[in-house]
Amino acid sequence: MHKSETDVKRILQSHGSALYRSACLLVGNPHDVQDILQEVLLRYLEKSPAFQSGEHEKAWLFRVTTNCCMDFLRFRKRHAYTDIESLKECLPCPEQKNQLEELYALPAKYKTVLILHYFEGYSVTEIAQILKISSNAVKKRLQRGREALKIVIQDEYASPGFVTGNLQHPITKLTNAKKEGYHL
């Protein structure tokens, strides 16, 4: 039995608010809840389950909603990330915020090794194992990432009227921020 658009409308009218509330309680973010409910409705249309009663249909919808929420939470836990905006709040001066933005603007292969090495404290060998590349590739990416970051930041400092006294390497400045107690 194929489900149609009228079946989806009926479900949304009869169970939509209850599904939304339960997903909100599990996930907490309304935007994520909308995505989850869309996934639930897609599964409803794809599976086209035959239900014995209205209560069986309601129970199925709640079970699928709960499963989708749990899948979402597991994914978010495994693929945790730090929002750059919240990270900027931890940095003491605007100069470091600009440097962090420049770091995040680098290509992923350079940015990854720089973050793993300088912020997370992994050795070249450990990074090679994590990324499944050779140690020489890690060293080269570190070198190229440092050079790219140095060029961009030195261009900032080269602006007219800006006096640079003792220029530290930008990565050194950012890692010193961590050592001073800022959790990056």
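Because only heavy atoms are used, hydrogens play no part in the values below, and waters and symmetry mates are left out as well, while side chains stay in. These numbers come from a predicted model, not from an experiment.
- Annotation: the span from Gln34 atom CD to Cys24 atom SG amounts to 8.5 Å, rounded to 0.5 Å.
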* Any chance you could lay out the side-chain contact (heavy atoms from CB on, under 4.5 Å) test for His117 and Ser123, step after step, and finish with the verdict? => CA-CA 6 Å; His117 186 70; Ser123 69; 5.9 Å; no
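- Nearest heavy atom pair, residue Pro30 against residue Gly28, reads CD-O, 3.6 Å.
- With values rounded to the nearest 0.5 angstrom, Ser14 atom OG is found 14.0 Å from Lys9 atom NZ.
- Taking both residues in full, the closest heavy atoms of Val124 and Lys139 are given as CG1-CG, 3.8 Å, listed atom of the first, atom of the second, then distance.
- Put simply, Trp60 and Leu42 are part of two different groups of oily side chains (I, L, V, M, F, W, Y) that touch within less than 4.5 Å, one to the next.
- A donor-acceptor contact under 3.5 angstrom links the side chains of Glu147 and Gln143, judged on distance only.
- Distance check, rounded to the nearest 0.5 Å: CD of Glu126 to OG of Ser135 gives 10.5 Å.
- Taking OH of Tyr110 as the start and CZ of Arg141 as the end, the distance is 8.0 Å to the nearest 0.5 Å.
- Nearest heavy atom pair, residue Ser22 against residue Thr65, reads OG-CG2, 4.1 Å.
- Taken to the nearest 0.5 Å, the CZ atom of Phe72 stands 12.5 Å off from the CD atom of Glu39.
- Minimum interatomic distance between Leu114 and Leu106 (heavy atoms only, all atoms of both residues): CD1-CD1, 3.5 Å.
- When the shell of 6.0 Å around NZ of Lys58 is examined, it contains 12 or fewer heavy atoms from other residues, nucleotides or ligands.
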* Asked: Passes side-chain contact (heavy atoms from CB on, under 4.5 Å), Leu73 versus Met70? Steps please.
  -> CA-CA 5 Å; Leu73 292 172; Met70 298 316 246; 4.2 Å; yes
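- By the 4.5 Å heavy-atom criterion applied to side chains, Leu12 and Leu41 are counted as neighbours.
- Looking only at atom types and distance, the side chain of Glu57 has a donor-acceptor partner in the side chain of Tyr44 under 3.5 Å away.
- Atom SG of Cys69 is separated from atom CG of Leu37 by 7.5 Å, given to the nearest 0.5 angstrom.
- The closest donor-acceptor contact from the side chain of Gln13 to the backbone of Arg10 lies at 3.5 Å or more, if one exists at all.
- Heavy-atom contacts from other residues, nucleotides or ligands closer than 6.0 Å to OH of Tyr20 number more than 12.
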